[in-house]
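Note that the structure is predicted; figures quoted are calculated from it, not measured. Each residue takes its place number in the sequence, starting with 1.
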Amino acid sequence: MTPQEFDAFYAASFSRLTGQLYAMTSDWSEAQDVVQEAFIRAWDRRRTFDPDDAPEAWIRTTARRLAISRWRRLARGLHLAGRHHHEPRTVEPPTEEHLMLVIALRDLPEAQRSAMVLHHMCDLSIEQVAAETGASVSAVKSRLARGRTALAARLGDQPPTSEEGRLHV
């Protein structure tokens, strides 16, 4: 099919095909979109189209498949959106001890605070804290000792600890 023949074919069949797809989809805009997309795909194949081989059937079939594909994609998206819709989880408010600890940690210098949180709350070893902060092992040990002393002063005589020496949060 030459470009001129294709243009004539488009002009003669676009409205009819759109009407047919509208009957299938019940959505005028969707019918126009899928018929137009089918014609775009047909344009690339126009050299192999023979006007006697019912190219309109090819356009209609392609447009119908496009509409079905779009509908499936939409239905799948809605299904996934519905599956992932959960009631928000209730998060318990922090305890008074946790709030006091956070307030006390805020008063520490950043290096001490980071060392304390990484070691006691994130359960990193002293070596891991050193690697993560870029400090030496001895600097981390010093920061932890100073941080514990400062927290003890701010929180009272004893910082909140568990049996393993880890801070409670």
Side-chain angles (χ1 to χ4, degrees), residues 1-95 98-99 101-103 105-137 139-140 143 166-169:
M1 194 179 279
T2 67
Q4 294 78 15
E5 290 173 323
F6 189 87
D7 289 345
F9 166 60
Y10 176 86
S13 58
F14 181 81
S15 293
R16 182 174 43 256
L17 287 165
T18 300
Q20 293 167 358
L21 267 292
Y22 173 60
M24 292 179 199
T25 64
S26 301
D27 183 332
W28 183 254
S29 179
E30 179 72 8
Q32 288 177 317
D33 286 350
V34 295
V35 170
Q36 189 65 37
E37 178 65 27
F39 270 106
I40 290 168
R41 292 180 181 194
W43 175 258
D44 293 334
R45 294 178 170 81
R46 72 186 180 283
R47 289 181 192 89
T48 61
F49 273 21
D50 182 355
D52 297 328
D53 285 341
E56 194 170 303
W58 189 93
I59 299 289
R60 184 177 34 259
T61 301
T62 302
R64 184 178 52 80
R65 288 178 180 161
L66 287 166
I68 290 168
S69 178
R70 287 180 178 189
W71 179 83
R72 285 181 180 157
R73 218 174 12 252
L74 176 64
R76 178 77 175 142
L78 291 173
H79 173 73
L80 290 174
R83 276 187 29 203
H84 295 292
H85 177 70
H86 300 288
E87 293 297 319
R89 283 192 257 162
T90 303
V91 177
E92 294 296 321
T95 63
H98 180 82
L99 291 173
L101 179 60
V102 170
I103 290 168
L105 283 167
R106 282 186 199 154
D107 292 339
L108 296 179
E110 195 279 325
Q112 289 177 16
R113 182 174 57 247
S114 293
M116 294 290 290
V117 170
L118 291 171
H119 183 65
H120 292 291
M121 294 180 175
C122 298
D123 291 325
L124 297 182
S125 69
I126 292 173
E127 292 77 17
Q128 290 171 318
V129 173
E132 191 160 319
T133 61
S136 67
V137 170
V140 170
R143 291 171 184 170
R166 301 286 182 218
L167 295 172
H168 286 293
V169 289

Separation between OG (Ser114) and CG (Leu108), nearest 0.5 Å, reads 10.0 Å
Report the relative orientation of the aromatic rings in Phe39 and Tyr10; use parallel for angles under 30°, tilted for 30 to 60°, perpendicular for over 60°. perpendicular
My understanding is that only residues two or more places apart in sequence, or in another chain, count here; which of them pass side chain to side chain donor-acceptor pair (under 3.5 Å) with Glu132? none
When rounded to the nearest 0.5 angstrom, what distance separates OG1 in Thr95 from CG in Leu101? 9.0 Å
I need the Trp71 CH2 to Leu66 CG distance, nearest 0.5 Å. 15.5 Å
With Arg65, which residues qualify under salt bridge (charged side-chain N to carboxylate O under 4.0 Å, His left out), at least two apart? none
Which residues satisfy the salt bridge (charged side-chain N to carboxylate O under 4.0 Å, His left out) test with Arg46, sequence neighbours excluded? none
Looking only at heavy atoms, what is the nearest atom pair of Ala135 and Val140, with distance? CB-CG2, 4.1 Å
Phe14, CZ: over 12 other non-hydrogen atoms inside 6.0 angstrom: yes
Run the numbers on Thr61 and Arg64 for side-chain contact (heavy atoms from CB on, under 4.5 Å), then give the verdict. CA-CA 5 Å; Thr61 301; Arg64 184 178 52 80; 4.0 Å; yes
So do the side chains of Arg70 and Asp33 get within less than 4.5 Å of each other, counting heavy atoms only? yes
Nearest heavy-atom contact between Arg41 and Thr62 is CD-CG2, 4.2 Å
Does atom CH2 (Trp43) have a neighbourhood of more than 12 heavy atoms from anything else shown, all under 6.0 Å? yes
Minimum heavy-atom separation for Leu124 and His119, please, with both atom names. O-ND1, 2.8 Å
Can you find a pair of side-chain heavy atoms, one from Ile40 and one from Glu37, that are under 4.5 Å apart? yes
Sequence neighbours excluded, the answer for salt bridge (charged side-chain N to carboxylate O under 4.0 Å, His left out) partners of Glu56 is Arg16, Arg60
Which atom pair, heavy atoms only, marks the closest approach of Trp58 to Ala38? CZ3-O, 3.7 Å
Quick one: list whatever passes side chain to side chain donor-acceptor pair (under 3.5 Å) with Ser29, sequence neighbours left out. none
On a heavy-atom basis, which atom in Asp123 and which in His120 lie closest, and how many Å separate them? OD1-O, 3.8 Å
Which distance, rounded to the nearest 0.5 Å, do you find between the OG1 of Thr133 and the CZ of Arg143? 5.5 Å
For Arg45, what residues pass the salt bridge (charged side-chain N to carboxylate O under 4.0 Å, His left out) criterion, not counting sequence neighbours? none
Ala31 and Leu21: which non-hydrogen atoms are nearest, and at how many Å? CB-C, 3.7 Å
